[in-house]
Structure formats: C-alpha cells, structure tokens
Amino acid sequence: MVKRVRGSTTGRPIMALLDLLGRRWTLRIVWELREEPRRFRELQDLIGASPTIVNTRLAELREAKLVELDEAVGYRLTALGNELLRLFLPLHVWSEKWAKATA
C-alpha cells in the first residue's frame with residue numbers, strides 16, 4: 001500500500017511518486033547516485049544542501065526503496081531506483097537538445 005500524499009485523498013501511486021520526487025534535492029540525490037555509490041559527506045558536498053536536508057531526503061528515498069545504504073561503499077540506488085533513473089534518461093537527452101535550442 002502506498003502512503004497517502006499530503007493534500008491528496010486518492011493515495012494514487014503516481015501522486016505519491018511525484019510528491020516524493022518534487023521535494024527539493026530528491027532528484028539531485030538520485031542523479032548523483034546514477035554512476036556509483038557515494039558516502040553521505042560526498043553527497044552533501046556535491047549537492048550543497050544542509051546535512052539535515054540530505055539526511056531527511058536519504059531517509060525518504062530509503063523508505064521508498066529507491067536508495068539503500070551499504071556500509072562498505074555508501075548510498076546507492078536500488079533496483080527500483082535504477083529503473084526509475086532509466087525512465088529519466090530520455091528526458092535527460094531531450095533536456096540537452098532543449099538547452100541547445102534555447103541557448
């Protein structure tokens with residue numbers, strides 16, 4: 001069962017996902033984990049957010065089963081997290097075209 005979304009009475013999975021991904025720094029964390037695991041401090045330095053925010057977002061992503069903590073290597077995407085990232089890659093390609101077209 002997906003947790004209900006703030007302000008939503010439906011609890012639809014897509015709304016819960018969009019609510020999670022719409023939180024500041026969440027997508028940036030997923031993006032920074034795309035190629036390799038990273039330790040907390042490294043993520044914080046890359047993102048530039050406060051430790052409290054990074055910790056909160058990582059906890060939310062872990063609860064959502066998109067990120068996991070491997071004590072040996074740091075935070076990394078789970079299978080579900082990698083699948084989500086693959087869905088974003090076409091958007092990344094398109095955004096590069098868009099950036100050139102609007103430069």
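Predicted, not measured: the structure shown is a model, and the values here were computed from it. Note that these values count all heavy atoms, side chains included, but never hydrogens, waters or copies made by symmetry. FYI, the numbering just counts along the sequence from 1.
- Counting only distance, with no hydrogens or angles, the side chain of Thr78 and the backbone of Glu68 share no donor-acceptor pair below 3.5 Å.
- A distance of 11.5 Å separates CG in Leu18 from CZ in Arg23, rounded to the nearest 0.5 Å.
- The shortest distance between side-chain heavy atoms of Asp45 and Glu42 does not fall below 4.5 Å.
- Of the possible donor and acceptor atoms, one in the side chain of Arg38 sits under 3.5 Å from a partner among the backbone N and O of Glu32.
- One finds the CH2 atom of Trp25 at 11.0 Å from the CD atom of Gln44 (value rounded to the nearest 0.5 Å).
- Among the candidates Leu66, Leu77, Leu27, the single residue satisfying the side chain to side chain contact (heavy atoms under 4.5 Å, CB included) test with Leu84 is Leu66.
- Residues Val67 and Val73 do not share a hydrophobic cluster, defined by chaining ILVMFWY side chains whose heavy atoms lie under 4.5 Å apart.
- Closest of all the heavy-atom pairs between Pro51 and Phe40 is O-CZ, 3.4 Å.
- Leu69 and Leu46 are assigned to two separate hydrophobic clusters, defined by single-linkage of ILVMFWY side chains at heavy-atom distances under 4.5 Å.
- The distance from atom OH of Tyr75 to atom CG of Leu58, rounded to the nearest 0.5 Å, is 5.0 Å.
- Panel note: side chain Arg57, backbone Arg28; no donor-acceptor pair is recorded below 3.5 Å.
- Annotation for Trp98: atom CH2 does not count as buried by contact number, only 12 or fewer foreign heavy atoms lying within 6.0 Å.
- Taken to the nearest 0.5 Å, the CG atom of Asp70 stands 4.0 Å off from the CZ atom of Arg76.
- Under a hydrophobic clustering in which Ile, Leu, Val, Met, Phe, Trp and Tyr are joined whenever their side-chain heavy atoms come within less than 4.5 Å, directly or via other members, Leu61 and Leu87 fall into different clusters.
- Arg39 and Gly74 make their closest contact through NH1-N, 3.8 Å (heavy atoms, listed as atom of the first residue, atom of the second, distance).
- The shortest non-hydrogen separation linking Arg34 to Leu85 is CB-CD2, 3.2 Å.
- One hydrophobic cluster, built from ILVMFWY side chains closer than 4.5 Å, holds both Leu91 and Val30.
- Taking CG of Asp19 as the reference point, atom CD1 of Ile14 lies at 11.5 Å (rounded to 0.5 Å).
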